[in-house]
Amino acid sequence: MAAKQPPPLMKKHSQTDLVSRLKTRKILGVGGEDDDGEVHRSKISQVLGNEIKFTVREPLGLRVWQLVSAVMFSGVAIMALAFPDQLYDAVFEEEPASSKTPIRLYGGALLSISLIMWNALYTAEKVIIRWSLLTEACYFAVQFLVTTASLVESSRIATGAVLLLVSRALFILISVYYYYQVGRRPKKV
C-alpha cells in the first residue's frame with residue numbers, strides 16, 4: 001500500500017498578519033498602557049522598567065562643584081610636587097622644613113584624589129558621586145584638624161593658615177551638603 005503524502009505545510013507569516021501580532025502582544029502584555037501610564041514596546045522594557053526613573057536628579061551646582069574640586073585638587077597637587085617650598089611658605093609663612101619628601105608625598109596623594117574627582121565628574125552613577133563627595137569631605141576634615149594642630153603646636157597664627165582653615169570648613173559644608181542631596185530619594189510626582 002502506498003503511503004499517502006501529507007498535504008504541503010502552509011507557512012503562516014505572523015509578522016504580516018496583523019490580528020496574530022495583536023493577539024501575541026496582548027498575551028505578552030505589551031503595547032498597552034500599564035498602571036503608570038507607560039506604553040512598553042517589549043516585554044524586556046516592561047520587566048526592566050524605564051531607565052529615566054533611575055537617573056540621578058542632580059542638585060543645582062553639583063557638577064560645577066565637582067569641576068572646581070577637581071581643578072583645585074589637581075592644582076595643589078602639581079604645586080606640591082613641583083614647588084614644595086613655595087606651598088609650605090604660602091600656608092605657614094615660615095622657613096620650610098629641610099626635607100621636601102613629605103610635601104611631595106602629600107602632592108602625590110592629592111593627585112590620586114584629583115583623579116577620583118575627575119572620574120566622578122564624568123559619571124552619572126549616584127554611588128560613585130556620593131563616594132567622591134564623602135572622600136572630599138573626609139580629606140578636608142583631616143586637613144582642617146592637622147592644620148589646627150600644627151598652629152596650636154607652633155603657637156603662631158599665620159594668615160595663610162587661617163584662610164586655609166576657613167576655606168576647608170566651607171568646603172566641608174559644601175561637600176556634605178551635596179553628599180546628602182545626591183543621596184536623597186526623589187519626591188514622587
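The model shown is predicted, which means the values in this text are computed figures rather than measured ones.
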Side-chain heavy atoms under 4.5 angstrom apart, residues restricted to Ile, Leu, Val, Met, Phe, Trp, Tyr: same cluster for I129 and L121?
no
Rounded at 0.5 Å granularity, tell me how far CE in M117 sits from CH2 in W65.
9.5 Å
Give the cluster check for I116 versus I174: same hydrophobic cluster or not, with ILVMFWY residues linked at side-chain heavy-atom distances below 4.5 Å.
no
Heavy-atom closest pair, residues S114 and A70
CB-O, 4.2 Å
Would Y139 and L110 count as a side-chain contact (heavy atoms from CB on, under 4.5 Å) if you check the C-alpha gap in whole Å, the side-chain angles of each, and the deciding distance to 0.1 Å?
CA-CA 9 Å; Y139 164 77; L110 278 184; 3.3 Å; yes
I128 and N119: side-chain contact (heavy atoms from CB on, under 4.5 Å), yes or no, with the steps?
CA-CA 9 Å; I128 294 174; N119 285 324; over 6 Å; no
To check you understand the geometry: which heavy-atom pair defines the closest contact between A82 and R104, and what is its length?
O-NH2, 4.3 Å
Within the distance-only criterion (no hydrogens, no angle test), does the side chain of T123 pair as donor or acceptor with the backbone N or O of A120 below 3.5 angstrom?
no
side-chain contact (heavy atoms from CB on, under 4.5 Å) assessment of L67 paired with W118
CA-CA 7 Å; L67 177 66; W118 283 111; 3.9 Å; yes
Of all heavy-atom pairs between S175 and L133, which one has the smallest distance, and what is that distance?
CB-O, 3.9 Å
Verify same cluster id: F73, L134 (apolar side-chain graph, 4.5 Å)
yes
Partner of E58 by salt bridge (Lys or Arg N to Asp or Glu O under 4.0 Å), out of R130, R63, K126, R184:
R63
The side chain to side chain contact (heavy atoms under 4.5 Å, CB included) partner of Y106 among L87, T101, L111 is L87
Output a table of donor-acceptor pairs, distance under 3.5 Å, between side-chain atoms of residues 160-171 and any protein atom two or more places apart or on a different chain; print 'none' if there are none.
unit_1 : atom_1 : unit_2 : atom_2 : d
S167   : OG     : L163   : O      : 3.2
S167   : OG     : L164   : O      : 2.9
R168   : NE     : Q143   : OE1    : 2.5

The reported gap from CZ in F144 to CD1 in I172 (rounded to nearest 0.5 angstrom) is 6.5 Å
Donor-acceptor contact below 3.5 Å, side chain Y179 vs main chain W131
no
Would you indicate whether the side-chain heavy atoms of Y178 and E136 approach each other to under 4.5 Å?
no
Closest heavy-atom pair and its distance - P84, I103:
CB-CG2, 3.5 Å
